[in-house]
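Single-structure report; data block below.
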Amino acid sequence: QIKKRIQMMIKERSLPFNKLRFFILIPLTVIMLLSFSYINIPNGNLNDLNGNDKNIITQQSIGKISWSGNTVYSAKILNKALGLKSGDKYIHEDVLKRLGNEVASLYLDKGYVFHKSDLTTQISNGIVDMNIFVTEGEKAIIGEIRIKGNTTVPGNEILNNITFKSGDFFSKEKIITSIKSIAAMGKFDPE
């Protein structure tokens, strides 16, 4: 993410004509999408779609949540990060999103860049038991830190605003803090 942000800092700005062309394409795209979006569904079929299938989905709730393969964090800490408990409504996409964001962030802050959480479920009478297998992998270490594209701000001044150094374990939190610190210097165009 740092590399992408630095690339954005040195990127040439768009010409006004290109921006105007972009803003003209947006309304045309919306009009085209809307013109093809109206589909006539008979009322009988619509009721079938909203009735039975919806009830099956809304009746599922979370049962037991079990973790395996985790050595860095206890099941209690992982459950707290997941933010779900027994009895909550089960929404598969929401669970996957929480595993990919909140739980992954815990591991990324400790250097586990290659962390992975695999979800398996067992459904019985509307109760979804979740088994989450954690693969922690090895901790990642930050290698060389290079500053590119800075023409007015000395590299050492930028490095002073970075909260990590070469040889430290990877930490998502430290990288985000460093990006905010560099932006707070007020010497770079946010674009």
Side-chain angles (χ1 to χ4, degrees), residues 1-9 11 49-149 155 158-184 190:
Q1 283 185 355
I2 289 176
K3 184 177 178 182
K4 287 181 183 178
R5 291 202 184 246
I6 291 174
Q7 286 174 345
M8 289 300 291
M9 286 186 236
K11 186 177 178 184
L49 288 174
N50 290 338
N52 297 337
D53 292 342
K54 223 177 196 181
N55 287 339
I56 291 169
I57 293 169
T58 57
Q59 289 176 355
Q60 292 182 339
S61 61
I62 296 172
K64 183 180 174 188
I65 303 173
S66 59
W67 299 84
S68 58
N70 52 310
T71 59
V72 177
Y73 293 106
S74 68
K76 183 178 179 180
I77 292 171
L78 292 172
N79 281 333
K80 185 176 180 182
L82 186 63
L84 296 171
K85 61 185 181 309
S86 294
D88 288 348
K89 184 176 175 182
Y90 178 78
I91 302 169
H92 186 73
E93 292 79 18
D94 183 44
V95 174
L96 293 178
K97 183 179 174 185
R98 289 171 185 253
L99 286 172
N101 292 334
E102 286 80 4
V103 174
S105 287
L106 274 179
Y107 281 97
L108 286 172
D109 287 341
K110 291 282 189 180
Y112 292 93
V113 177
F114 308 106
H115 158 267
K116 189 172 96 172
S117 297
D118 294 314
L119 172 69
T120 57
T121 57
Q122 294 176 335
I123 303 169
S124 176
N125 297 327
I127 303 296
V128 181
D129 290 333
M130 300 189 317
N131 301 308
I132 304 162
F133 181 76
V134 177
T135 306
E136 293 169 344
E138 292 185 31
K139 289 177 101 171
I141 296 173
I142 295 173
E144 185 181 348
I145 301 170
R146 286 177 253 165
I147 309 290
K148 290 185 180 180
I158 296 170
L159 286 172
N160 289 338
N161 285 287
I162 295 176
T163 59
F164 55 87
K165 61 186 182 303
S166 183
D168 287 352
F169 285 115
F170 180 90
S171 172
K172 180 182 174 184
E173 183 180 342
K174 284 184 179 180
I175 290 173
I176 291 170
T177 303
S178 297
I179 291 169
K180 288 178 182 177
S181 178
I182 291 170

Query raised in the report: Given the rule in the side-chain contact (heavy atoms from CB on, under 4.5 Å) test, do Lys172 and Ile175 qualify, once you have shown the distances and angles that lead to the verdict?
Result: CA-CA 5 Å; Lys172 180 182 174 184; Ile175 290 173; 5.8 Å; no
Report task. Look at the rings of Tyr107 and Tyr112 and say which category their plane angle falls in: under 30° parallel, 30 to 60° tilted, over 60° perpendicular. Result -> perpendicular
**Report entry** Any side-chain heavy-atom pair of Leu82 and Met130 under 4.5 Å
**Finding:** yes
Query - Leu96 to Leu119 - nearest heavy-atom pair and separation - result: CD2-CD2, 4.0 Å
**Report entry** Lys139 to Phe169, cation-pi by 6.0 Å centre distance and 45° axis angle
**Finding:** yes
Query - Sole residue of Asn79, Asn131, Ile77 in side chain to side chain contact (heavy atoms under 4.5 Å, CB included) with Trp67 - result: Asn79
Report task. Check step by step if side-chain contact (heavy atoms from CB on, under 4.5 Å) holds for Val128 and Ile62. Result -> CA-CA 5 Å; Val128 181; Ile62 296 172; 5.6 Å; no
Query raised in the report: Is there side-chain contact between Ile127 and Ser61, with at least one heavy-atom pair below 4.5 Å?
Result: yes
**Report entry** Given Leu78, Leu108, Val134, the one that forms side chain to side chain contact (heavy atoms under 4.5 Å, CB included) with Val103
**Finding:** Leu78
Query - Pair Ile142-Lys165, side-chain contact (heavy atoms from CB on, under 4.5 Å): steps then yes or no - result: CA-CA 7 Å; Ile142 295 173; Lys165 61 186 182 303; over 6 Å; no
Query - Of all pairs that satisfy side-chain hydrogen bond (donor to acceptor under 3.5 Å, both in side chains), the ones with a partner from residues 119-130, not counting sequence neighbours - result: none
Requested in this report: Let me see the working for Asp94 and Lys97 under salt bridge (charged side-chain N to carboxylate O under 4.0 Å, His left out), right down to the final yes or no.
Outcome: CA-CA 5 Å; Asp94 183 44; Lys97 183 179 174 185; over 6 Å; no
Query - Non-neighbouring partners of Phe170 that pass ring pair (Phe, Tyr, Trp, His ring centres under 6.0 Å), sequence neighbours left out - result: none
